[in-house]
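Right, one structure below, let's go through it.
For ligands, and for the atoms within them, numbers begin at 1 and follow the listed sequence. Throughout, numbering of the chain's residues begins at 1 and tracks the sequence.
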Amino acid sequence: MSIRLLGLALAALVAAGAEQVRDFAPKVLEGHVSFLASDALEGRDTPSKGLEIAAEYVASQFRANGLEMPEGSQSYFQVANWKYRTIPASRVSFGFTMGDKSFAYTGERFSIQTLEVSQAAEAPVFKATLEDGDKLKAMADEALAGKVVLLFVPTAAEQRAMDETPRFTMRRQYTEVSEQIKRLTPVAWMTLVNGTRGAGVRGQLIDPSRERGGGRGRSRFSQPPALYSSEMRELLAPLPFGDVVGATASVRIPEADVEPVELKNVIGVVPGSDPVLKDSYVVVTAHYDHIGRGAADGGGDTIFNGANDDASGTATLLEMAAATARKNPRPKRTIVFLAVFGEEKGLLGTQFYTRHPVYPLAKTIANINLEHLGRTDDEDGPQVGRVTATGFDYSDIPTLFGDAAKAVGVEFYKHEQKSDSFFGRSDNVAFAKVGIPAHTFCVAFEFGDYHGLGDHWEKLDYANMAKVSEALAAGVWLLADRETPPKWNETVSSTETYRKAAASAQ
Ligand SMILES: [Zn+2]
C-alpha cells in the first residue's frame, strides 16, 4: 500500500473510530465527578467507607451500561484481601499541665503517620523550634531521656504558602533537628502545630502475600506524631528553648490493631469482535481513590475531594466504557476497563492487578491510563482543546492517539520537560514494568489545587473534558481495532528496562 493510500485508510479509520464514540455529554461527566468528589465520600482514602462507595458506584455504572464481568467472575470486583494496621483515635491520648493550665486531647487532635508505641506519664517537657539545631547538637547523647519534646513546626498550609528557598531551608532544618532529637532519646516527642484538628491516625496497608518475615526494621519515631493545638502554641511561644519549667506531659500511643480489609479493583469488559484478536487486550485504567482527609485549613475544610485527581479520569473511563459497550460492531480486541484503588498509596491497585492478572499479561498489548482530565488551568498556563501523554516518545501509541485527536479537533502535544519526568508517577508504570506499552494521558500535569483541599468538582471544565474524552476514546478504539500491536521505541534509551521486561515475558 502506498503511503498516500495508507494515509487515506488511516483517516477513514480514525473518522470511523471517532464516529463510534462521539457521545460524551459534559453534564454526564459532571454528574460522575460531582458524586465521586462529593464530601460524602470523604476523599476516597485507601481503605475507607468512601472508597467502598466509589467502587460500588463504578460497578453500578458498568452494570447500567451492559459491560461484561471478567470471565468466570460473579462480580465486577477484583478483591485484594489485605490487612490494615491502625490505632483507634480514641485510644491515643495526650495530657499537659503547667501551673493552673491543663489540656487533655485524644487522637483527632493528632496527625499520626508512623505507628510507634509511645508512653509517658507526667514527664518533664522540653521545647525546641526548627532554629535550634545547633543548640541540640551541643547536648550530650541521651540528654533528654525521660522527657517529652515538643517541636514547633509550621502547618502544612503555611508550608505550602512558603517560597521555594525558605521551604527548602525549613526542610533541611527539620531533618537536622529530628536527627538530633532521636540521638537525645526522649521518652516521646511530637511536633506542635497551630490548629485545632489533625488528620487522625494513618494506618498501614499490608499485603499478606508480600509480608516479609522477621523484624520490620522500623526506626524509632521515624516520623513523629503532630499535635494540633493553637492553645498550647500560644502558651509556650514566649518561652525559651529548653526545659519548660513547671510543666508535665502524659502521652499514650498504644500498640496498633491489625484487621482484615477488602480492597477492590473494578473491572468492566467489552469483548472484542474478531474471533482471533478478541483474545488480546487493551487495558484502560483510572484510579478512583484519593488521599482522604487531612488537617483543617483556615475555612475548616478537612476533605481532599480529588475531583481532578482522579474523579475526572474515572468519569471519562465510565463514559468511554459505556460508549464502547453500546456500539456495534465493536473493536477487534477486547477492552478491559479497570478502575483501581490505592494509586495514591503507591500504585497499589495496578500492581495488585499485574501480580494477579485477570487476563494474560502476554496477551495485553497496551495500557491507557487516564489522569487529570478536567482542569485546564495547568501551572504552565491554560490547556484548552489539548491533551498530552507521558513518555511521549517511548512507544508508537502516542502517534496513533495524535491521529485520533486530530480527527475530533483536539491538539495532541508533547510537553518537553514533564512528558518523561511524569512517566513513572502514575498507574501506567505498573504495566510498563511488566513490559506492556503504557502511558498516562492528561490535560494538566500540575494545577493549583493538586493534592490540596480545594480540588473541587465545580472547578472542572466539562465541555473541554468531553471533547478530550472523545479524542481519547477514538484513540483507544483505533488501538483495539488495529491488527498490529504497539511497540516500545528502541531508539529511546529510557525504554530499555521495559523492552527487557517485554522480551523476558515472551
Ligand atoms: Zn492521580
Side-chain angles (χ1 to χ4, degrees), residues 29 32-38 41-48 50-51 54-55 57-58 160 205 263-266 283-294 303-320 337-354 367-380 383 387-391 415 418-433 438-457 459-461 465 468-469 472:
L29 294 169
H32 293 315
V33 176
S34 63
F35 177 74
L36 291 167
S38 64
L41 270 61
E42 299 189 323
R44 311 184 304 281
D45 197 10
T46 304
S48 68
L51 189 80
Y57 182 77
V58 170
R160 275 197 296 272
L205 281 162
L263 301 169
K264 291 167 182 153
N265 284 331
V266 196
V283 179
V284 179
T285 48
H287 69 93
Y288 69 91
D289 72 307
H290 193 58
I291 57 176
R293 305 188 75 126
I303 298 171
F304 291 91
N305 300 79
N308 202 38
D309 184 13
D310 191 25
S312 70
T314 307
T316 291
L317 179 145
L318 291 177
E319 285 310 288
M320 202 186 278
F337 292 94
L338 169 63
V340 293
F341 66 85
E343 190 268 354
E344 303 286 6
K345 292 279 163 73
L347 317 182
L348 301 179
T350 36
Q351 284 175 6
F352 182 76
Y353 181 88
T354 54
N367 165 236
I368 302 303
N369 183 46
L370 310 172
E371 281 257 23
H372 301 191
L373 294 176
R375 292 282 287 259
T376 53
D377 54 337
D378 189 293
E379 285 189 348
D380 297 328
Q383 307 291 333
V387 65
T388 185
T390 62
H415 193 295
K418 292 177 181 172
S419 169
D420 290 6
S421 65
F422 275 70
F423 186 79
R425 287 181 51 173
S426 188
D427 279 314
N428 62 295
V429 79
F431 289 89
K433 280 183 175 163
H439 302 262
T440 292
F441 291 76
C442 63
V443 168
F445 283 98
E446 285 170 297
F447 53 100
D449 296 305
Y450 175 66
H451 282 200
L453 292 161
D455 185 4
H456 293 154
W457 65 267
K459 297 180 184 174
L460 277 61
D461 177 343
M465 187 173 156
V468 165
S469 300
L472 296 174

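Within the protein, the N, O or S atoms sitting under 2.8 Å from the Zn ion (ligand 1) are His287 NE2, Asp309 OD1, Glu371 OE1, Glu371 OE2.
Side chain of Asp310 to main chain of His290: no donor-acceptor pair is present (N/O by atom type, distance under 3.5 Å, no hydrogens or angles).
With rounding to the nearest 0.5 angstrom, the CG atom of Leu338 is 9.5 Å from the CG atom of Asn369. Taken to the nearest 0.5 Å, the CG atom of Leu370 stands 10.0 Å off from the SG atom of Cys442.
Looking at His372 and Tyr450, their side chains never bring a donor and an acceptor atom within 3.5 Å of each other.
For the pair Phe447/Asp455, a side-chain contact is recorded, criterion being any heavy-atom separation below 4.5 Å from C-beta on.
Few gaps surround NZ on Lys459; more than 12 heavy atoms of other groups in view lie less than 6.0 Å from it.
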